[in-house]
Amino acid sequence: NRLHTLYRLDTYYLGNSIADSSYAQATARERRHSVGARFYGQAHKIGFNFESLYQFGEFGDGRINAWTLASQASYRLTLLGLPSDVSMKADI
């Protein structure tokens with residue numbers, strides 16, 4: 001059973017434009033842009049995942065300005081002969 005280390009970084013952009021987008025408050029033109037990054041990996045028995053996203057654009061005359069941060073860390077152990085992960089997660 002070899003111990004290994006692996007780190008990865010993903011970056012992304014998502015764009016959306018809808019002429020008649022409908023929500024509870026109104027129907028209007030919507031343009032939304034999301035830019036994000038995710039850093040994740042595993043070092044021996046410890047795994048981690050961190051992601052952030054910033055979103056901006058317009059809905060009708062209103063501005064869209066939002067963000068999120070998410071994190072998760074885990075530890076691999078063996079219980080009763082079976083591999084198991086214990087993890088903690090925090091999101092804002």
Side-chain angles (χ1 to χ4, degrees):
N1 191 7
R2 289 182 61 189
L3 297 176
H4 65 281
T5 303
L6 171 70
Y7 304 110
R8 304 247 173 158
L9 175 65
D10 294 336
T11 58
Y12 55 90
Y13 165 81
L14 303 168
N16 193 14
S17 181
I18 301 172
D20 294 318
S21 187
S22 292
Y23 293 96
Q25 69 268 32
T27 297
R29 180 175 187 83
E30 176 182 9
R31 288 190 190 156
R32 193 177 295 257
H33 307 277
S34 301
V35 179
R38 176 182 176 221
F39 180 57
Y40 63 101
Q42 184 170 341
H44 306 288
K45 292 184 176 191
I46 298 172
F48 63 91
N49 182 23
F50 301 104
E51 186 167 5
S52 65
L53 174 87
Y54 176 64
Q55 189 174 83
F56 59 96
E58 315 77 43
F59 176 70
D61 293 334
R63 304 289 300 161
I64 297 170
N65 185 21
W67 58 272
T68 186
L69 296 172
S71 65
Q72 181 177 7
S74 63
Y75 182 77
R76 169 122 330 161
L77 50 93
T78 302
L79 293 173
L80 305 172
L82 300 172
S84 300
D85 287 341
V86 176
S87 65
M88 292 183 0
K89 188 175 182 179
D91 299 331
I92 353 179

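All values derive from a computational prediction rather than experimental measurement.
Remark: Gln42 CD to Phe48 CZ distance equals 9.5 Å, nearest 0.5 Å. Distance check, rounded to the nearest 0.5 Å: CZ of Arg38 to CZ of Arg8 gives 10.0 Å. Between the CD1 atom in Ile46 and the CZ atom in Arg76 there is a gap of 13.0 Å [rounded to 0.5 Å]. Atoms CZ and OG, on Arg32 and Ser17 in that order, are 11.5 Å from each other to the nearest 0.5 Å.
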Apply side chain to side chain contact (heavy atoms under 4.5 Å, CB included) to the pair Phe56 and Ile64, showing each step before the final yes or no.
CA-CA 5 Å; Phe56 59 96; Ile64 297 170; 5.7 Å; no
Using the side chain to side chain contact (heavy atoms under 4.5 Å, CB included) rule, take Arg29 and Glu58 through it: C-alpha gap first, then chi angles, then the decisive distance, then the call.
CA-CA 8 Å; Arg29 180 175 187 83; Glu58 315 77 43; over 6 Å; no
Please lay out, stage by stage, how Tyr40 and Leu9 fare under the test side chain to side chain contact (heavy atoms under 4.5 Å, CB included).
CA-CA 7 Å; Tyr40 63 101; Leu9 175 65; over 6 Å; no
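Taking each heavy atom of Ser34 and Leu53 in turn, the nearest pair found is CB-CD1, 3.8 Å. What you find for Glu30 and Ser21 is that their closest heavy atoms are OE1-OG, 2.5 Å. The shortest heavy-atom contact between Ser74 and Ser87 is CB-CB, 3.6 Å. Nearest heavy-atom pair across Val86 and Leu77 is CG2-CD2, 3.8 Å. What you find for Ser52 and Tyr12 is that their closest heavy atoms are O-OH, 4.1 Å. Scanning all heavy atoms of the two residues, the minimum distance from Asp91 to Ser71 falls at OD1-N, 3.7 Å.
Note on Leu79: it clusters hydrophobically with Tyr75, by side-chain heavy-atom contacts below 4.5 Å among ILVMFWY residues. Ile92 and Tyr54 fall within the same hydrophobic cluster, defined by Ile, Leu, Val, Met, Phe, Trp and Tyr side-chain heavy atoms under 4.5 Å apart, directly or through other members.
A parallel orientation is assigned to the rings of Tyr7 and Phe39, their planes being inclined by less than 30° (bins at 30° and 60°).
Within a 6.0 Å radius of CG in Asp10, other residues, nucleotides and ligands contribute more than 12 heavy atoms.
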